[in-house]
Amino acid sequence: MSALDTPWLRRFHPGRAGAVRLFVFPHAGGNASFFHPFSARLAPRAEVLVVQYPGRQERFHEPCVEDLHELADAVAAELTGWAQEPYALFGHSMGATLAFEVGSRLHAAGAGPRALFVSGRRAPSVPAPGSVHLASDEKLIADMKLLGGTDSRMLENPELLAAILPAVRSDYVATETYRYRGAPPLDCPVTAFIGDVDPRVDAPMARAWATHTTDAFTLHEFGGGHFFLVPHLDAVVETVAHTLAGDRKAFTRNP
């Protein structure tokens, strides 16, 4: 992993000179390492920088952020310098909402993304009520099992569970208490990915992302649940790569 002078970003693989810069936002309870395979498949066609949230891995001792708007403010401030050159955003689940909120802030500052990829998440304008964050640890773990995406060995190990549950619960708080505040639509293409049996999002919920851009919207549906991304990683990566390559002029960077 290449070192970056910020706790917020992880670079696992270098991109070639002038490669498209893609910022990636993990799901609730997730961390940057989850997207190591994603980065490996895109490199060197893109410079993948994965956002590392407070409260996990090497940021374990930092307090988690339980408000998505507050988290978006912090990430947008961090990315302001990086956003002076063309870039794109990718987020899965909670990360999709966060990517949108960050993109909206940067767009308002005159440095919006050239593309937004949203995976496993309904549009921000579609309410997503929930109360799992108020439930017992047992019910929280049951919901994690329902969604998948967490190694079963971790869910069966009391010590590992004790280590990860605070961050997971904090992310559930952030996700379930999130309320869309309204924002001007982005002016970049939005590409959505969903699983056809995802208990959290269906096609109409995902199509509502089209209202959040003045540019093109595309929806890709795969077989699977909330973490369809894992078995269909190659297909998702190739779609992302193809989209980024589709308008090379828009993503021209200074090598």
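Counted by atom type alone, Thr191 and His220 present zero donor-acceptor pairs between their side chains at under 3.5 Å. Checked by atom type, the side-chain pair Tyr178/Glu101 shows a donor-acceptor distance below 3.5 Å.
One distance of note links CG of Leu89 with OG of Ser104; it measures 9.5 Å at 0.5 Å rounding. Atom CD of Gln52 is separated from atom CH2 of Trp8 by 10.0 Å, given to the nearest 0.5 angstrom. Atom-to-atom distance recorded for Leu22:CG and Phe35:CZ is 10.0 Å, nearest 0.5 angstrom. To the nearest 0.5 Å, atom CZ of residue Arg169 and atom CD of residue Glu176 are 10.0 Å apart. Rounding to the nearest 0.5 angstrom, the gap separating the CD atom in Glu66 from the OG1 atom in Thr177 is 8.0 Å. Considering CG of Leu106 and CZ of Phe23, their distance stands at 8.5 Å, rounded to 0.5 Å.
Looking only at distances, no side-chain donor or acceptor of Arg200 sits under 3.5 Å from a matching main-chain atom of Gly120. Without hydrogens or angle criteria, Thr80 side chain to Ala76 main chain gives a donor-acceptor distance under 3.5 Å. Panel note: side chain Thr213, backbone Ala210; no donor-acceptor pair is recorded below 3.5 Å. At least one donor-acceptor pair under 3.5 Å links the side chain of His69 to the backbone N or O of Arg179. Here the side chain of Tyr87 pairs a donor or acceptor atom with the backbone of Ala111 at under 3.5 angstrom. Side-chain atoms of Glu78 do not come within 3.5 Å of backbone N or O of Ala74 as any donor-acceptor pair.
Under a 4.0 Å N-O distance rule, the pair Arg207/Glu221 does not qualify as a salt bridge. The pair Glu85-Arg21 does not meet the salt-bridge criterion, since no charged nitrogen lies less than 4.0 angstrom from a carboxylate oxygen. Salt-bridge formation is detected for the pair Arg56/Asp171: a Lys NZ or Arg NE/NH1/NH2 atom is positioned less than 4.0 Å from an Asp or Glu carboxylate oxygen. A salt bridge links Glu58 and Arg10; the closest N-O separation between the charged side-chain nitrogens and carboxylate oxygens is under 4.0 Å.
Side-chain contact between Val201 and Met205 is present, with at least one heavy-atom pair separated by less than 4.5 Å. Counting only heavy atoms from C-beta outward, the side chains of Val48 and Arg11 never approach each other to under 4.5 Å. Proximity of Phe228 to Asp196: side-chain heavy atoms (C-beta onward) are nowhere separated by under 4.5 Å. The shortest distance between side-chain heavy atoms of Cys188 and Pro113 falls below 4.5 Å. Taking 4.5 Å as the limit, some side-chain heavy atom of His107 sits within range of a side-chain heavy atom of Asp187. Taking the side chain as every heavy atom from C-beta outward, Trp82 and Leu9 approach each other to under 4.5 Å. Looking at heavy atoms from C-beta onward, Val50 lies out of side-chain contact with Phe34 at the 4.5 angstrom threshold. Looking only at side-chain heavy atoms (C-beta outward), Ser125 and Thr211 come within less than 4.5 Å of each other.
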- Item | Derivation of the side chain to side chain contact (heavy atoms under 4.5 Å, CB included) call for Val75 and Leu79 | CA-CA 6 Å; Val75 179; Leu79 298 190; 4.0 Å; yes
- Item | Val237 vs Arg45, side chain to side chain contact (heavy atoms under 4.5 Å, CB included): CA-CA, chis, key distance, verdict | CA-CA 11 Å; Val237 164; Arg45 293 173 289 178; 3.9 Å; yes
- Task: List the steps and the verdict of side chain to side chain contact (heavy atoms under 4.5 Å, CB included) for His36 and His13.
- Result: CA-CA 8 Å; His36 185 281; His13 307 91; 3.6 Å; yes
- Message: side chain to side chain contact (heavy atoms under 4.5 Å, CB included), that's the test. Do Leu165 and Ile141 meet it? Break it down for me.
- Response: CA-CA 8 Å; Leu165 276 182; Ile141 293 167; 4.2 Å; yes
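Shortest non-hydrogen contact noted between Gly223 and His232 is O-NE2, 2.7 Å. Minimum heavy-atom separation, Arg59 to Pro7: CD-O, 3.3 Å. Pro54 and Pro63 get closest at one heavy-atom pair: CB-O, 3.3 Å. The two residues Cys64 and Ala167 come nearest to each other via the heavy atoms SG-CA, 3.7 Å. Minimum heavy-atom separation, Pro185 to Thr214: CG-CG2, 3.7 Å. Closest heavy-atom contact between Leu244 and Ala88: CD2-CB, 3.8 Å.
Taken together through direct or relayed side-chain contacts under 4.5 Å among Ile, Leu, Val, Met, Phe, Trp and Tyr, Met94 and Val173 form parts of separate hydrophobic clusters. Residues Val197 and Leu233 do not share a hydrophobic cluster, clusters being chains of Ile/Leu/Val/Met/Phe/Trp/Tyr side chains in contact below 4.5 Å. Linking ILVMFWY residues whenever their side-chain heavy atoms come closer than 4.5 Å, directly or via other members, leaves Tyr53 and Phe60 in distinct clusters.
Remark: aromatic rings of His92 and Phe193 are distant, center separation not under 6.0 Å.
Residue Phe38 forms a ring-ring contact (aromatic ring centres under 6.0 Å, His included) with just one option from Phe117, Phe90, Phe12, Phe25, and that option is Phe90. Test His226, Arg121, His27 against Ser93 for side-chain hydrogen bond (donor to acceptor under 3.5 Å, both in side chains) and you get one pass: His226.
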